[in-house]
Amino acid sequence: MKGFTRRDFLKMSGVTAASAAALALVGCSKKGGEESQNSSQTSETSTQNSSESSVLDSQEGSIVADETTELEMRDSVKVGVSILFATLTPFRNTSAQRFPFVRYLYDRLAFLTDTGAYVPQGAKSWTCADDGVTWTVELYDNITDSEGRPVTADDVIWFLEEGKARGSKPCYAKVDSLEKIDDYTFNIVMNKNLADAFEVLLESTFLINRESFEASEDEFNTQPVSTSPYKVSSFVPDVNLDFVHRDDFWQDEALEDRTLGHNVKNLSMVYISEASQQQVALETKTIDAMPAIAATIIDAFKDKEGWLVTMAPANNGQQLRFTGDETRLVGRDENLRKAICYAIDVDMLIQGAANGYGEKMDDFIPRTSGGWFESYKTLDYFHYDVALAKDYLEKSDYNGEELILSGAKSQERAYTIIQANCQAIGITVKLDIMDQSLFTQVSNDGRQWDMAMISTGNGAANVWTQTFDGDAYEYGDQMGRHDEELTNMIHETWQIANYTEENITKVRNYIFEHAYGYGLYLPYTLSVVNESLNIAETVFNTQGQLDMAACKYAKA
């Protein structure tokens, strides 16, 4: 098993180059840096070939710097964001760790790029033993936080053990043991040889000095000690988050992937959730850029002088999930779940919630994510059919009960449409709309809602880990469901030798047949930038947003 690479896996499983994008980075890399670069190239090429029916296959509005362009570090950039944390704790769930500004707070062992590659960050390299489960990780020996304290193997082992004890991320439960070899080398022994599990663990492990964390009065909730190129200069929960560039950042810039660039001295994040306020903030130059701008206002900037507008398919899809808690009717009534799915007009959702910037999904996993296959275009899936929805409702035990649809304010239009679609067939839905920070906390516990719309992607194995693994939490999977058959099927499938199109499709079909969740649509991420910033090269993150620190700037 030693030296097993992503290419070996594609060959073994009979997957063609055209569908390579359907697979996450899996198995045992020869070496973190070398293999990640190769995988990045393969993933990027195959993604462009993987979806003939998609409206948007690439990043529109992207810019590549000319070799003659003279670049400079931008003095300041003020960015509007529609999501901001209430606290800055490093111990948070897996989905929240991919919010764009998290990378400015903490470096990780490895970083997931927009091409689907895991590139080295704090981990200089990682190798796998012949047993397929023992991984040796070598850290850079010069990592320091913004207080000057080093990060060593002891600190990483502590962080993993602490994260596992807190139950903050399902990936930690897949670690069997940790062993220090020397100050900068350690072993991670996984429970099983699982597809993508180790790579997700790398991405989920922040570089934190234990002494700095324990010296904090509030566990970094308001003033973290950073290991990234930036440190926090100001933070007001749900208002603003400001960063200043570290002069003492530990990494050699020549060793960093381009997606990890830090080309801005002072970077400010301003929370703006309302679309109209986003437009005003841009037009009045209160902010310089709005990555992930509300689609409803994009026409005010698209094709207009003075603005750079980019558009990219998101890595995450918008999915509806149903509680698995059998004390709730939705959790135990499959016919009711199917009635809701067939009642939803996804075209209306795309037009009303995404202003037309999106496409229907044919699986719970989006076509930009590993674990999606071309064959899914021909398989049966949910669609808008009022007559069929009413038939399933008639078979269900529904008797007029009020169902709860929970979600964040940023998606309120979508919830209203789903509510109206359900009402049209006789199902009463109450909306429970909350701030993103609160919804982030409750979204991982399906016992607290009947339905919730949550965005997920980045590979089938990752989605299963977050959503459908019945062993992930003490209360079951993310929805509070205890489906032993599905859990066993997932555990069997995500073992390297079994991670094939045939087996992944069996899991896909099981989730569909029992209506545990509905992949609604893949949104297109829109970013707007004032052209006065002089962007010479655009850099995108996994969500399809411009990363304003990583972008390169032409000298004025």
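Note that the coordinates shown come from a computational prediction; the quantities given were computed from them, not determined experimentally. The figures that follow rest on heavy atoms only: side chains count, while hydrogens, waters and symmetry mates do not.
- Counting heavy atoms from C-beta on, the side chains of D176 and M190 never come closer than 4.5 Å.
- Ring geometry for Y106 versus F220: interplanar angle under 30°, hence parallel rather than tilted (30 to 60°).
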Hey, mind stepping through N315 and T368 against side chain to side chain donor-acceptor pair (under 3.5 Å) and telling me if it holds?
-> CA-CA 6 Å; N315 188 263; T368 51; 4.6 Å; no
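- Under the 3.5 Å distance criterion, the side-chain polar atoms of T378 are matched with a main-chain donor or acceptor of S375.
- Screening D432, I433, I454 against F439 for a side-chain contact (heavy atoms from CB on, under 4.5 Å) leaves a single residue, I454.
- Judged by distance alone, the side chain of H482 and the main-chain N or O of G470 form no donor-acceptor pair under 3.5 Å.
- Between A173 and N191, the shortest heavy-atom contact is O-ND2, 2.7 Å.
- Taking both residues in full, the closest heavy atoms of G122 and L207 are given as CA-CD1, 3.5 Å, listed atom of the first, atom of the second, then distance.
- Taking the six-membered ring for Trp and the full ring otherwise, the centers of Y381 and F512 sit less than 6.0 Å from each other.
- To the nearest 0.5 Å, the span separating CD1 on I427 from NZ on K390 amounts to 11.0 Å.
- A 6.0 Å sphere centred on CD of Q423 holds more than 12 heavy atoms belonging to other residues, nucleotides or ligands.
- Nearest heavy atoms, S527 versus P291: OG-CA, 3.4 Å.
- The distance from the CG atom of N498 to the OG1 atom of T493 is 6.5 Å, given to the nearest 0.5 Å.
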Please report the C-alpha distance between E359 and Y524 in whole Å, then the side-chain angles of each, then the deciding distance to 0.1 Å, and finally whether the side chain to side chain donor-acceptor pair (under 3.5 Å) criterion is met.
-> CA-CA 8 Å; E359 62 188 67; Y524 301 152; 2.6 Å; yes
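- Y415 places a side-chain N or O within donor-acceptor distance of the main-chain N or O of A408, the cut-off being under 3.5 Å.
- Residues forming a salt bridge (Lys or Arg N to Asp or Glu O under 4.0 Å) with D445 (at least two apart in sequence, or on another chain): R447.
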Start with the C-alpha gap between V175 and L201, add the side-chain angles, then the distance that decides, and say whether side chain to side chain contact (heavy atoms under 4.5 Å, CB included) holds.
-> CA-CA 9 Å; V175 176; L201 187 71; 3.6 Å; yes
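- The closest side-chain heavy-atom distance from M451 to V429 is below 4.5 Å.
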Could you walk me through whether R367 and L522 pass the side chain to side chain contact (heavy atoms under 4.5 Å, CB included) check?
-> CA-CA 8 Å; R367 56 99 178 167; L522 175 66; 3.8 Å; yes
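- From R481, atom CZ reaches atom CZ of F468 across 7.5 Å, with rounding to the nearest 0.5 Å.
- Side chain of W126 to main chain of L202: no donor-acceptor pair is present (N/O by atom type, distance under 3.5 Å, no hydrogens or angles).
- Side-chain atoms of Q318 and P523, non-hydrogen and from C-beta on, do get closer than 4.5 Å to each other.
- Taking the six-membered ring for Trp and thresholds of 30 and 60 degrees, F198 and W135 have nearly parallel ring planes, at less than 30 degrees apart.
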In sequence, state the C-alpha distance, the side-chain angles, and the governing distance for I504 and W464, and then conclude on side chain to side chain contact (heavy atoms under 4.5 Å, CB included).
-> CA-CA 11 Å; I504 293 171; W464 295 342; 4.0 Å; yes
Given the rule in the side chain to side chain contact (heavy atoms under 4.5 Å, CB included) test, do L520 and M453 qualify, once you have shown the distances and angles that lead to the verdict?
-> CA-CA 9 Å; L520 298 167; M453 201 168 89; 3.7 Å; yes
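- Defined by atom type and a distance below 3.5 Å, a donor-acceptor pair is missing between the side-chain atoms of H514 and D483.
- No side-chain heavy atom of W449 sits under 4.5 Å from any side-chain heavy atom of V330.
- Taking both residues in full, the closest heavy atoms of L336 and S396 are given as N-CB, 3.7 Å, listed atom of the first, atom of the second, then distance.
- Of the inter-residue distances, the one linking Y516 atom OH with I511 atom CD1 reads 9.5 Å to the nearest 0.5 angstrom.
- Between P100 and Q543, the shortest heavy-atom distance links the atoms CG-OE1, 4.5 Å.
- For E484, the CD atom is loosely surrounded, since the number of other residues' heavy atoms within 6.0 Å does not exceed 12.
- Proximity of K430 to L405: side-chain heavy atoms (C-beta onward) are nowhere separated by under 4.5 Å.
- S369 places no side-chain N or O within 3.5 Å of a backbone atom of I365 that could act as its donor or acceptor partner.
- In this structure, D362 does not pair ionically with K377, as no charged nitrogen and carboxylate oxygen lie closer than 4.0 Å.
- With sequence neighbours excluded, no residue forms a salt bridge (Lys or Arg N to Asp or Glu O under 4.0 Å) with R108.
- Between M479 atom CE and T323 atom OG1 the span is 8.5 Å, to the nearest 0.5 Å.
- Side chain of Y398 to backbone of E401: a donor-acceptor contact under 3.5 angstrom is found.
- Proximity of a side-chain donor or acceptor of D333 to a complementary backbone N or O of L329 within less than 3.5 Å is not detected.
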Going through the checks in order, is the ring pair (Phe, Tyr, Trp, His ring centres under 6.0 Å) test met by F101 and Y104?
-> CA-CA 5 Å; F101 49 82; Y104 310 138; 8.0 Å; no
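- Aromatic ring pairs are classed by plane angle as parallel below 30°, tilted from 30° to 60° and perpendicular above 60°; the pair F91 and F159 is parallel.
- One N or O on the side chain of D469 and one on the backbone of D471 form a donor-acceptor pair closer than 3.5 Å.
- In this structure, D385 contributes its side chain and L388 its backbone to a donor-acceptor pair below 3.5 Å.
- K338 places a side-chain N or O within 3.5 Å of a backbone atom of E513 that can act as its donor or acceptor partner.
- No side-chain donor from either of T542 and D114 sits under 3.5 Å from a side-chain acceptor of the other.
- Of the N and O atoms on the side chains of Y172 and S204, not one donor lies less than 3.5 Å from an acceptor on the other residue.
- Between the side chains of Q121 and D107, a donor-acceptor pair is found at a separation under 3.5 Å.
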What pairs of donor and acceptor atoms, side-chain ones from residues 340-353 against any protein atom, are under 3.5 angstrom apart with sequence neighbours left out?
{"from": "D345", "atom 1": "OD1", "to": "D347", "atom 2": "N", "distance (Å)": "3.2"}
{"from": "D345", "atom 1": "OD1", "to": "M348", "atom 2": "N", "distance (Å)": "3.2"}
{"from": "D347", "atom 1": "OD2", "to": "K360", "atom 2": "NZ", "distance (Å)": "3.3"}

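- In this structure, the separation between CZ on R337 and CZ on F382 is 9.0 Å, given to the nearest 0.5 Å.
- Within 6.0 Å of NZ in K409 there are 12 or fewer heavy atoms belonging to other residues, nucleotides or ligands.
- L320 and F364 get closest at one heavy-atom pair: O-CE1, 4.1 Å.
- At least one side-chain heavy atom of K192 sits under 4.5 Å from a side-chain heavy atom of H491.
- With contacts defined as side-chain heavy-atom distances shorter than 4.5 Å, the pair T467/Q319 does not qualify.
- With respect to R508 and E502, no salt bridge is recorded, no charged nitrogen being found less than 4.0 Å from a carboxylate O.
- Using modelled atom types, one finds no donor on one side chain facing an acceptor on the other under 3.5 Å when comparing T87 with T89.
- Proximity of T259 to F111: side-chain heavy atoms (C-beta onward) are separated by under 4.5 Å at one or more points.
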